[in-house]
Amino acid sequence: MKITYSKFLYKLGTLFNDHSACGYNLISPIAMLVLSIIGIMAIYSAHSYSGGTQWQMQLIWVIVGGIVYLCVSKIDYNFFLQNAHWIYWISIAFLVVLWSPLGERRFGALRWLNIGGLLIQPSEPAKLGFLIMTAAMIARSEITALEHSWREILKILLVFCVPIFLIFLQPDLGSALTFPPMLFAMLYVADLSHKFFIYAISVVLIVVTVIAFDIFNYRLFLDRHELDPITNIGAYEKHSILPLKDYQRNRIISFVAPDIVDPKGIGVSWNLRQSLIAVGTGGIFGKGFNNGTQAKLGYLPKSVASNDFVFSVIAEERGFVGAVVVLFMYFLIIFDTLRTALLSRDRFGTYLAVGISTLFLTHILINIGMTLGLMPITGIPLPFLSYGGSFLLICCFLQGVVQSVYRFRMSYA
């Protein structure tokens with residue numbers, strides 16, 4: 001027993017032994033800190049009239065996230081390569097546990113685990129598990145032409161499909177949308193033949209066509225039975241073979257043709273209209289800290305103002321200049337992560353950094369795009385700005401992995 005315990009302590013000590021590592025790269029940590037401060041201020045403003053304390057909880061999560069970041073950055077990223085399958089299956093287990101008594105349903109979706117009052121969103125660690133597992137599989141395989149690598153591709157697609165299927169069942173379309181870009185980016189960097197991407201794009205076009213046909217049938221169904229899309233949510237779901245919810249169909253229609261599903265702008269398109277008002281009235285320099293009105297007065301609901309639409313709060317109070325500062329901080333993080341991918345001296349480190357940069361970029365484009373009416377509303381958070389512990393900790397963990405790739409890159413010459 002003493003020998004086993006000693007071995008455990010030895011392994012734990014070597015895990016954080018970073019004497020051979022290079023110094024820290026400070027570009028991303030500074031950008032993360034700036035974004036986190038801006039996020040805390042925006043969350044405070046969004047709830048200041050109602051006396052909300054979310055900003056205090058976010059401050060705690062930022063501190064915990066900083067500790068997570070530092071700890072992960074001290075771990076040689078080869079540890080994740082050696083334990084990729086464990087990390088992946090543990091993340092899948094979190095998704096499965098949702099259907100236990102620990103799962104908590106909110107707004108018709110089963111997306112949260114309630115562990116002693118602490119809410120955890122399992123789709124966030126699932127992104128981490130999938131990314132590490134996929135990067136490890138590609139790094140260990142010789143992927144070239146599609147006809148020579150189809151066995152490896154099928155294994156990777158299986159790893160891809162398991163979390164996607166479980167997330168769709170929740171349902172959580174926004175989180176599911178972040179997985180394909182990560183997969184395609186890592187496979188592209190792995191120099192997989194273009195045939196795969198041609199086939200993949202063809203599949204995407206087919207899926208989009210099927211969804212469009214389903215939306216068309218949904219509208220016909222409502223018109224035929226003279227049903228209102230807002231007050232009769234769920235009426236069409238049993239008539240469709242697709243795992244879409246009617247509120248998701250309404251969101252898609254509100255993006256393509258808002259006057260059809262919500263002509264008065266008081267239903268499914270309400271949040272978007274209030275977001276556009278917030279962004280538009282911010283002007284060049286904004287209304288000033290805690291002087292915004294859309295979120296504080298409840299026009300932009302409290303349930304979304306501090307997370308999905310936090311960029312709208314920032315744009316209203318900080319204006320165009322503040323929005324540019326936020327975008328520049330994100331540019332620094334993405335640029336620095338891709339630079340780390342180029343500096344990495346082994347394939348696994350490169351794939352990790354590429355996958356992480358793609359995940360962050362996907363979140364940024366979808367979230368800011370939906371607040372500006374350029375993307376459908378999917379309920380996807382903004383890194384380091386949106387309120388929520390699960391996502392913030394995963395973001396810090398992922399950036400800690402990038403820092404690890406940077407610091408230990410010389411060990412794999």
Side-chain angles (χ1 to χ4, degrees), residues 80-96 98-99 122-211 214 241-244 341 346-363 365-366 378 380 394 398 401:
F80 302 110
L81 176 64
Q82 297 173 353
N83 298 278
H85 59 293
W86 288 110
I87 298 172
Y88 174 77
W89 287 114
I90 290 173
S91 70
I92 296 300
F94 273 103
L95 290 174
V96 174
L98 270 176
W99 280 268
S123 59
E124 300 306 335
K127 298 172 187 176
L128 170 66
F130 165 74
L131 192 152
I132 291 176
M133 184 65 174
T134 304
M137 292 178 70
I138 298 176
R140 288 168 173 163
S141 305
E142 291 296 332
I143 296 179
T144 51
L146 182 60
E147 54 269 20
H148 299 144
S149 308
W150 63 271
R151 288 187 179 86
E152 289 78 10
I153 298 301
L154 285 179
K155 293 177 183 178
I156 292 172
L157 290 178
L158 179 61
V159 167
F160 168 79
C161 289
V162 173
I164 288 289
F165 174 74
L166 293 173
I167 290 173
F168 261 123
L169 291 180
Q170 296 179 9
D172 186 0
L173 180 61
S175 294
L177 289 175
T178 63
F179 284 76
M182 284 191 288
L183 174 64
F184 293 153
M186 286 186 283
L187 288 176
Y188 182 81
V189 173
D191 204 23
L192 181 61
S193 65
H194 292 169
K195 285 184 180 180
F196 171 82
F197 299 99
I198 294 174
Y199 294 149
I201 293 174
S202 300
V203 171
V204 171
L205 292 176
I206 292 172
V207 171
V208 171
T209 303
V210 172
I211 293 176
D214 179 79
I241 61 173
L242 296 183
L244 285 176
D346 75 317
R347 297 168 64 197
F348 180 62
T350 297
Y351 300 146
L352 277 178
V354 167
I356 291 170
S357 64
T358 304
L359 176 60
F360 274 75
L361 185 60
T362 302
H363 271 269
L365 291 179
I366 293 179
T378 56
I380 190 170
I394 290 299
L398 290 171
V401 172

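Just the heavy atoms: all of them, side chains too, but no hydrogens, waters or symmetry mates, feed the values below.
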Within the 6.0 Å centroid threshold, strictly below: F130 and Y88
no

Heavy atoms only: give me the nearest I92-L166 pair and the separation to one decimal.
CG2-CD1, 3.9 Å

Indicate yes or no: at least one non-hydrogen side-chain atom of L81 is less than 4.5 angstrom from one of R140.
yes

Just by distance, do the side chain of T350 and the backbone of A341 share a donor-acceptor pair under 3.5 Å?
yes

Is atom CH2 of W99 surrounded by more than 12 heavy atoms (other residues, nucleotides or ligands) closer than 6.0 Å?
yes

So, for K127 and H363, which heavy atoms are closest and what is the spacing to 0.1 Å?
NZ-NE2, 2.9 Å

Applying side chain to side chain contact (heavy atoms under 4.5 Å, CB included), run through F197 and L187 and close with a yes or a no.
CA-CA 9 Å; F197 299 99; L187 288 176; 4.1 Å; yes

Residue pair S123 / F94, side-chain heavy-atom distance below 4.5 Å:
no

Working to the nearest 0.5 angstrom, can you tell me the gap between I132 CD1 and H85 NE2?
12.5 Å

Distance, nearest 0.5 Å, that separates CE of M186 from CZ of F348
10.0 Å

Side chain to side chain contact (heavy atoms under 4.5 Å, CB included) for Y351 and L131? Distances and angles first, verdict last.
CA-CA 9 Å; Y351 300 146; L131 192 152; over 6 Å; no

Rounded to the nearest 0.5 Å, what's the gap from CE on M137 to CD1 on I153? Could you check?
9.0 Å

What's the shortest heavy-atom distance between T358 and A185, and which atoms?
OG1-CB, 3.2 Å

Rounded to the nearest 0.5 Å, how far does OG1 of T178 lie from CG of L183?
11.5 Å

Can you name the closest pair of heavy atoms from S141 and R347 and give their distance?
O-NH2, 2.9 Å

List the atom of E124, the atom of S175, and the distance in Å for their closest heavy-atom pair.
OE2-OG, 4.5 Å

V203 side chain reached by Y199 side chain, heavy atoms, under 4.5 Å:
no

To the nearest 0.5 Å, tell me how far L177 CG sits from I167 CD1.
10.5 Å

Under 4.5 Å between any side-chain heavy atoms of L95 and P163, yes or no?
yes

Interatomic distance, L128 atom CG to I394 atom CD1 [nearest 0.5 angstrom]:
5.0 Å

Considering only heavy atoms from C-beta outward, does the side chain of I156 approach that of T134 to under 4.5 Å?
yes

Heavy atoms from other residues, nucleotides or ligands near CZ of F179 exceed 12 (cutoff 6.0 Å)
yes

